[in-house]
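This report concerns only the one structure given below.
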Amino acid sequence: MAKKPSIPKGTRDFSPAEVAKRNYIIQTIKKHFETYGFQPIETPSFENSETLMGKYGDEGDRLIFKILNSGDFISKVDDVTYSSKNSASLTSKISEKALRYDLTVPFARYVVMHQNEIDFPFKRYQIQPVWRADRPQKGRFREFYQCDADVVGADSLLQEVEFVQLYDAVFTDLDLKGATIKINNRKILSGIAEVIGAKDLLVDFTVALDKLDKIGEEKVKVEMMQKGISEKAIAKAQPLFDMTGTAFEQLEKLKTILADSEVGMLGVSELEEIISTVDMIGLQSASLQLDVTLARGLNYYTGAIFEVAAPEGVKMGSIGGGGRYDDLTGIFGLKDVSGVGISFGLDRIYLVLEELNLFPDSLDTTLDVLCLNFGKKEGTAALKLVSGLRKQGLRADLYPTDTKVQKQFKYADKRGVPYVILLGDQELTDGKFVAKNMKTGDQKDYSLDGIEEFSEKVKTEI
RNA sequence: GUGGUUGUAGCUCAGCUGGUUAGAGCGCUGGAUUGUGGUUCCAGAGGUCGCCGGUUCGAACCCGGUCUUCCACCCCA
């Protein structure tokens, strides 16, 4: 007996209704990417391992799905490596390819490989799935979509401002109110680490600081001490734990703390420029918030960093993130190309919209008109009518068999079809058809010679 | 990767200290209704209780393993 089929942990099937909702989000994001001047590219779902490994930190390497070599790969491994039982060194021998982990690193690789064909500054967007060998949770999958927009080859801070506006434009269009775009600057974090004399512990410091609103001040300090940051240094960083007030008030406090740090002050002035410009232009439905505890793990960020939190009350990790990276292409041999970009987490935005019931009802309608089938002669006439309606741009279909009318009606009802057409023997001889509005129950006759009248009526109701 | 949690009909879930033939609601199929769906009424189908093994006269229930779900870490979209 056949075993029940299953799909791997952290993956999902999508039903027609789910695909419709996902497409709605994708189309919305795509539309705004394009109105902001981004061009689409696509890259392979798997890359050479060396392209990906080491770009996301040790933790990231662990989460990259490795693809086994083809052929009799194990026989090519030397005995020393084989018997060492060291996963890392064995993996490099038996796996040369890996599934992409995000879209930013493959994009950097793309820019370097195509540098001679690209007109800089280059604004590209990319909507494709990525894979992570993470342990699944709600809103966390092993296969999920990222929707990225990046611009490389220019270092103007106006781009950061544009990205904030882009986030706002998409969320406004999706009717998602109250998302918080958190912003910080890596230079500020570097400056702080410098000022308190823990420069080489920057990553540990920021990772701990990032947890402030989650685990509280005391536990953050404990973690910092465990990582080897001195009590004195932590005491110096105390003002960070007491950050309150508006973004501008916080910036003033940072200026005092970071007075002796060149990078730190640069970070403050960058943030000040971005925030004040956004403030001047204004946002529609999202809000921009300075958050000095925002760290983001990815090591390649060098300037502004973004993270988008779902509206208050929705329990969901960040639904977007991004930042500026001054030298991502440097790893692949192309120096001095600054980039900045953002990402939308499609799957999480989906869950948020679902929870807040923000998907438009129209997504449920996948067919505008269903024509019932009354037999061979009537069916042929109906097919002619249906293809006429299709030419008018309506989503129209003919029930394929002449089963009981009751059954055909039930099908129409379940599909959520707004109009059902009846074209039987009597109608045929009269040269007309009957259209029934499934919502109101009203029925009306139309001439078979003038289907435009009917199709126009349907179109105005969609 | 660490600790915990979950799995019974298509879906949401009951199922007592281990004891005959494992239940409900919704959904599904058919009929009441041979040219009119949703409402109502009637009937029916559908389950090796996630999987493998163990304990027992006997296991959905106890034990071990495994897969899956969700949660907290880690990290992140």
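Keep in mind that this is a model prediction, so the values were computed, not measured. The chains referred to below are lettered A, B, ... by the order of the sequence lines, with proteins before strands, and numbering in each begins at 1.
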Pairwise N/O distances under 3.5 Å, protein to nucleotides 31-36 of chain B:
unit_1	atom_1	unit_2	atom_2	d
B:G31	OP1	A:K404	NZ	2.9
B:G31	OP2	A:K404	NZ	3.0
B:U33	O2'	A:Q406	NE2	3.3
B:U33	O2	A:Q406	OE1	3.3
B:G35	O6	A:E427	OE1	3.1
B:G35	N1	A:E427	OE1	3.0
B:G35	N1	A:E427	OE2	2.9
B:G35	N2	A:E427	OE2	3.2
B:U36	O2	A:K436	NZ	2.8
B:U36	O2	A:Q443	OE1	3.0
B:U36	N3	A:Q443	OE1	2.4
B:U36	O4	A:Q443	NE2	3.2

**Report entry** Spacing of the P atoms in B:C26 and B:G38 (rounded, Å)
**Finding:** 15 Å

Requested in this report: Using only side-chain N and O atoms of A:K211, determine if any of them is under 4.0 Å from OP1 or OP2 of B:C76.
Outcome: no

**Report entry** Working for side chain to side chain contact (heavy atoms under 4.5 Å, CB included), residues A:K439 and A:E461
**Finding:** CA-CA 12 Å; A:K439 215 173 199 169; A:E461 290 177 16; over 6 Å; no

**Report entry** Atom C1', compared across B:C13 and B:C49: separation rounded to whole Å
**Finding:** 13 Å

Query - Phosphate-side-chain proximity, A:K439 and B:G37, N/O vs OP1/OP2 below 4.0 Å - result: no

Report task. Spell out yes or no: do the side chain of A:R135 and the base of B:C76 have one donor N/O and one acceptor N/O closer than 3.5 Å? Result -> no

Report task. Under 4.0 Å from any atom of RNA chain B, heavy atoms only: list the residues of residues 160-182 of chain A that qualify, in numerical order. Result -> none

**Report entry** Near-strand residues of residues 375-388 of chain A, defined as heavy-atom separation under 4.0 angstrom from RNA chain B
**Finding:** none

Query - P spacing across the pair B:G7 / B:U12, given as an integer number of angstrom - result: 12 Å

Query raised in the report: Is the shortest distance from a Lys or Arg side-chain nitrogen in A:K444 or A:E453 to a carboxylate oxygen in the other one below 4.0 Å?
Result: yes

Query - Qualifying residues under salt bridge (Lys or Arg N to Asp or Glu O under 4.0 Å), relative to A:K459, sequence neighbours excluded - result: A:E456

**Report entry** Set of ring pair (Phe, Tyr, Trp, His ring centres under 6.0 Å) partners for A:Y446, sequence neighbours left out
**Finding:** A:F433, A:F454

Query raised in the report: Counting a pair only when it is Watson-Crick or G-U and both distances are under 3.5 Å, which runs of at least 3 such pairs involve RNA chain B?
Result: B:1-4 with B:70-73, B:10-13 with B:23-26, B:28-32 with B:40-44, B:50-54 with B:62-66

Query raised in the report: When rounded to the nearest 0.5 angstrom, what is the spacing between CG in A:L290 and CD in A:Q250?
Result: 4.5 Å

